[in-house]
Amino acid sequence: MNMNRQDGIVIEVPKEFNFQQNMNYMSRSSNECMFEIRDNTIIKAISVSDKDYLIEVSEAADGNLLLRFLGDAQIENENAYDDVIRYVRDWFDLDRDLKPFYDMAQKDPLLQTAVVEFYGLRNIGIPDLFEAVAWGIIGQQINLTYAYTLKKRFVETYGRSMEWDGHRYWIFPEAKDIAKLTVEELSSIKTTTKKCEYLIKVAELLEKGELSKPLIKSSGSIKEAEKRLTSIRGIGPWTANYVLMRCLRFPDAFPIDDVGLHNAIKHLTGSERKPTKEEILKLAAPWENWEAYATFYLWRYLY
DNA sequence: GGCCAGGTGGCCA
DNA sequence: TGGCCACATGGC
């Protein structure tokens with residue numbers, strides 16, 4: 001492995017990977033505050049093993065990913081490299097074999113065009129559980145543009161940041177800091193009282209260790225994982241499946257109540273109305289165990 | 001100005 | 001279980 005800090009570290013990608021497709025997805029909102037797209041590279045502040053790093057991910061000449069450390073992050077040992085590489089592999093879902101998905105999808109009426117048009121797109125994840133849940137709660141029942149505005153307010157009020165080359169890069173607020181807040185304090189970001197309650201409660205559960213990635217992963221099935229999440233106030237079936245899909249990486253996570261999914265299906269089928277739940281279940285039957293990727297690809301039709 | 005947002009909890013039958 | 005309804009405000 002190339003460990004030269006100056007040249008960057010090459011992270012090998014699977015065959016079913018296309019840098020530009022993932023960039024296109026990540027460029028979907030100009031109001032995204034958790035990373036920056038600049039000169040066809042992604043720059044992001046991350047917290048891994050209790051250390052903050054500023055990283056740049058770009059495309060290497062051979063099509064692999066190139067990881068560079070920016071700023072004055074102290075790389076103390078080889079383990080730190082491994083931690084960050086693992087983070088990036090998880091973030092881009094590089095260790096999943098998409099061939100079975102593509103084999104299935106090219107025969108599927110709803111997906112066959114999508115997998116050609118977006119070939120090489122990965123389910124870009126939200127590795128931090130608190131961020132994934134909070135983003136889900138914040139985004140409930142509001143338009144995506146406004147959701148990005150609220151997230152930005154939340155992050156810039158309660159997160160910490162690193163500055164580099166005249167830009168500021170944010171790390172998502174930590175659960176332990178949000179758990180201390182009152183609803184009144186948190187409502188300064190101007191979201192609903194209920195969402196403030198939910199966010200603080202989730203932060204408390206994470207802080208107490210009553211909610212964690214290993215705990216959810218240890219669930220016997222997706223149904224149990226979903227149940228564990230929906231037992232928490234503010235997390236319904238949509239949020240639970242969203243989190244299982246973007247953070248826990250359950251391939252069969254399926255946010256079937258998602259209005260974006262409904263609109264994508266409406267668009268692709270040329271229907272005048274949104275599909276019913278029964279119609280979606282029927283359309284999605286062939287997607288078994290690939291519902292998360294199917295949903296992720298169909299979302300690409302919305303921007 | 002009015003409808004719609006990457007929903008959820010609570011109440012009711 | 002399944003059907004309503006309040007929530008609560010911005011985007012377009």
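Keep in mind that this is a model prediction, so the values were computed, not measured. Chain A is the first sequence line, chain B the second, and so forth, proteins listed ahead of strands; every chain is numbered from 1.
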Electrostatic pair [X]-[Y], nearest N-O below 4.0 angstrom:
| X | Y | answer |
| --- | --- | --- |
| A:Asp90 | A:Arg86 | no |
| A:Arg249 | A:Asp95 | no |
| A:Glu279 | A:Lys282 | no |

Are A:Tyr119 and A:Val13 connected into the same hydrophobic cluster when the rule is that any two of I, L, V, M, F, W, Y join if their side-chain heavy atoms are below 4.5 Å apart?
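Yes; tracing contacts between hydrophobic side chains, which count when under 4.5 Å, links both residues.
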What is the ring orientation for A:Trp290 with A:Phe101, classed by angle as parallel under 30°, tilted 30 to 60°, or perpendicular over 60°?
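Aromatic pair A:Trp290/A:Phe101 classed tilted.
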Start at the 5' end of DNA chain B and walk down; is the nucleotide closest to A:Thr145 or to A:Ile235 reached first?
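So the residue in question is A:Thr145.
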Does A:Ile142 or A:Ile232 map to a spot on DNA chain B nearer the 5' end, using the closest nucleotide for each?
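The residue mapped nearer the 5' terminus is A:Ile142.
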d([atom1], [X]; [atom2], [N]) in whole Å:
| X | N | atom1 | atom2 | result |
| --- | --- | --- | --- | --- |
| A:Leu261 | B:dA5 | CG | P | 13 Å |
| A:Leu229 | B:dG7 | CG | P | 17 Å |
| A:Tyr148 | B:dA5 | OH | P | 17 Å |
| A:Trp299 | B:dA5 | CH2 | P | 15 Å |
| A:Lys194 | C:dA6 | NZ | C1' | 7 Å |
| A:Lys201 | B:dG9 | NZ | P | 14 Å |
| A:Asp258 | B:dT8 | CG | C1' | 14 Å |
| A:Arg153 | C:dG10 | CZ | P | 8 Å |

What is the nucleic acid contact for [X], judged by heavy atoms within less than 4.0 Å: base, sugar-phosphate only, or nothing?
| X | value |
| --- | --- |
| A:Ile138 | nothing |
| A:Pro237 | sugar-phosphate |
| A:Thr239 | sugar-phosphate |
| A:Gln141 | base |

Is it true that A:Thr145 and A:Asn31 share a donor-acceptor pair across their side chains at a distance under 3.5 Å?
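Per modelled atom types, A:Asn31 and A:Thr145 side chains form no pair under 3.5 Å.
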Measure from the side-chain heavy atoms of [X] and tell me the nearest of [options].
| X | options | value |
| --- | --- | --- |
| A:Arg233 | B:dA5, B:dG9, C:dT9 | B:dG9 |
| A:Asn263 | B:dT8, B:dA5, C:dC12 | B:dA5 |
| A:Gln140 | B:dG7, C:dG10, C:dA8 | B:dG7 |

So, is A:Thr193 close to the C:dA8 phosphate, meaning a side-chain N or O under 4.0 Å from OP1 or OP2?
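The answer is yes; a side-chain N or O of A:Thr193 sits under 4.0 Å from OP1 or OP2.
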Contact under 4.0 Å: A:Asn143 side-chain N or O vs B:dC3 OP1/OP2:
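It does not, given that no N or O in the side chain of A:Asn143 lies less than 4.0 Å from OP1 or OP2 of B:dC3.
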Of residues 264-283 of chain A, the positions that come close to DNA chain C - non-hydrogen atoms, cut-off under 4.0 Å
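Heavy-atom contacts with DNA chain C come from no residue of residues 264-283 of chain A; none.
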Which of these, A:Ile235, A:Thr239, A:Leu248, A:Asn241, sits in a side-chain contact (heavy atoms from CB on, under 4.5 Å) with A:Leu229?
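Result for side-chain contact (heavy atoms from CB on, under 4.5 Å) with A:Leu229: A:Ile235.
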Show your working on salt bridge (Lys or Arg N to Asp or Glu O under 4.0 Å) between A:Arg160 and A:Glu174 and close with a plain yes or no.
CA-CA 9 Å; A:Arg160 63 183 183 281; A:Glu174 289 194 39; 2.8 Å; yes
Ring centre gap for A:Tyr148 and A:Trp135 strictly below 6.0 Å
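When the ring centroids of A:Tyr148 and A:Trp135 are compared, they turn out to be within the sub-6.0 Å range.
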A:Phe118 ring center near A:Tyr301 ring center (under 6.0 Å):
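Between A:Phe118 and A:Tyr301, the centre distance is under 6.0 Å.
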What's the gap between C:dA8 and B:dG1 when it is taken at their P atoms, as a whole Å value?
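Comparing P positions in C:dA8 and B:dG1 gives a spacing of 23 Å.
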Base-paired stems that DNA chain C participates in, counting runs of 3 or more Watson-Crick or G-U pairs under 3.5 Å
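DNA chain C forms these stems: B:2-5 with C:9-12, B:7-13 with C:1-7.
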